[in-house]
2 protein chains.
Amino acid sequence: MPAARKDAFSPEEQQLAALARALSHPARIAILRELAQHNTCICGEIVSALPLSQSTVSQHLHVLLEAGLIQGTVDGPRSCYCLNTSAINAFGSALGDFFQTLGNQQCC
Amino acid sequence: MPAARKDAFSPEEQQLAALARALSHPARIAILRELAQHNTCICGEIVSALPLSQSTVSQHLHVLLEAGLIQGTVDGPRSCYCLNTSAINAFGSALGDFFQTLGNQQCC
DNA sequence: TCATTTTATCGTAAAAATACGATAATAAAA
DNA sequence: TTTTATTATCGTATTTTTACGATAAAATGA
């Protein structure tokens with residue numbers, strides 16, 4: 001990627017792509033599932049639930065945070081993450097809209 | 001990624017992540033949009049519609065093909081792509097199910 | 001037949017993602 | 001205060017992604 005060409009696309013396309021990228025690793029799918037299973041916030045049990053090292057899980061959590069899909073209250077040693085349901089629902093409907101504009105085609 | 005850890009996750013998580021990865025670049029979002037606008041198949045007008053070189057667009061098309069989101073009939077000089085609507089709809093509902101399991105949480 | 005047009009592929013380079021160990025930081029517990 | 005437990009960050013290595021130019025392939029048109 002000798003030059004970042006992403007800025008040559010529309011904001012909508014960039015946003016949709018950025019959110020899809022946040023979901024583009026099975027570990028992050030698994031983290032979201034894990035957070036959804038515990039309806040209360042979770043801390044480091046995520047690490048035990050995943051086949052990855054602590055630092056790697058922390059990286060994936062950071063990606064999900066940056067994308068806005070989860071929230072985290074970093075209170076000292078015991079940080080606590082949870083789903084950002086409003087962002088998740090917004091993303092879900094944005095994706096739904098996108099798929100709807102695609103799905104009604106008759107082609108080939 | 002000193003070792004491919006993706007196989008340590010469930011097939012569902014891998015599939016969902018793989019499809020999200022196919023959407024994780026604005027060029028590929030734009031390609032899908034472009035294919036949807038022309039309800040007939042399109043060939044190389046995609047290249048003119050995108051701010052990328054021909055070989056790069058071809059690579060993105062290959063990614064979308066691999067993911068099954070588009071179909072391509074490579075008939076000689078003039079290959080023809082179109083949306084794979086069934087795969088797109090299947091992906092859309094899979095994502096919808098995933099978001100539904102996430103969206104009903106009350107947390108933090 | 002030969003040129004032209006269109007597209008895929010190859011080779012390459014740079015950037016980003018992924019993963020881990022080691023370390024730092026921070027609050028609670030002893 | 002010192003220790004312990006938990007988590008983020010740093011440094012690094014490897015892989016993958018992204019991008020382009022150049023080339024090859026393949027059918028159409030002259």
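Being a predicted model, the structure only gives us computed values, none of them experimental. Below, chains carry the letters A, B, ... as their sequence lines are ordered, and counting in each starts from 1.
The backbone N or O of Q71(A) lies less than 3.5 Å from no partner atom in the side chain of N84(A), so there is not a single donor-acceptor pair.
For Q54(A), counting side-chain heavy atoms from C-beta on, the closest listed nucleotide (dA19(D), dT7(D), dA8(C)) is dT7(D). Taking every side-chain heavy atom of Y81(B) into account, dA8(C) is the closest of dT6(D), dA8(C), dA19(D). When each of dC20(C), dA8(C), dA8(D) is scored by its nearest atom to the side-chain atoms of L52(A), the top-ranked nucleotide is dC20(C). With dG21(D), dA8(C), dC20(C) as the choices, the nucleotide that has an atom nearest any side-chain atom of S55(B) turns out to be dG21(D).
Atom CG in L61(B) sits roughly 13 Å away from atom C1' in dT6(C) (whole-Å rounding). Rounded to an integer number of Å, the gap from I70(B) CD1 to dT7(C) P is 13 Å. The nearest whole Å value for the distance from the CG atom in L64(A) to the C1' atom in dA8(D) is 16 Å. Taking atom CG of residue L50(B) and atom P of nucleotide dT7(C), one finds them 13 Å apart after rounding to whole Å. In this structure, CD1 of I46(A) is placed 14 Å from P of dT6(D), rounded to the nearest angstrom. Counting to the nearest Å, the P atom of dA8(C) and the CD atom of E66(B) are 13 Å from each other.
Distances shorter than 4.0 Å separate none of the side-chain N or O atoms of T56(A) from OP1 or OP2 on dA19(C). The side chain of S58(A) contributes an N or O atom lying less than 4.0 Å from OP1 or OP2 of dA8(D).
Residue Q59(A) places no side-chain atom within donor-acceptor reach of the base of dA17(C), judged by atom type and a 3.5 Å distance cut-off alone.
Taken residue by residue, residues 21-34 of chain B places heavy atoms nearer than 4.0 Å to DNA chain D at R21(B), H25(B), R28(B).
Comparing S79(A) and F9(A), the nucleotide of DNA chain D nearest to each residue sits closer to the 5' end for S79(A). Take the nearest nucleotide of DNA chain D for R78(A) and for H60(B): the residue whose nucleotide is more 5' is R78(A).
Taking CZ from R33(A) and CG from L83(A), the interatomic distance works out to 12.0 Å, rounded to the nearest 0.5 Å. Atom-to-atom distance recorded for Y81(A):OH and E45(A):CD is 13.0 Å, nearest 0.5 angstrom. Atom CG of L50(A) and atom CZ of R28(A) lie 12.0 Å apart (nearest 0.5 Å).
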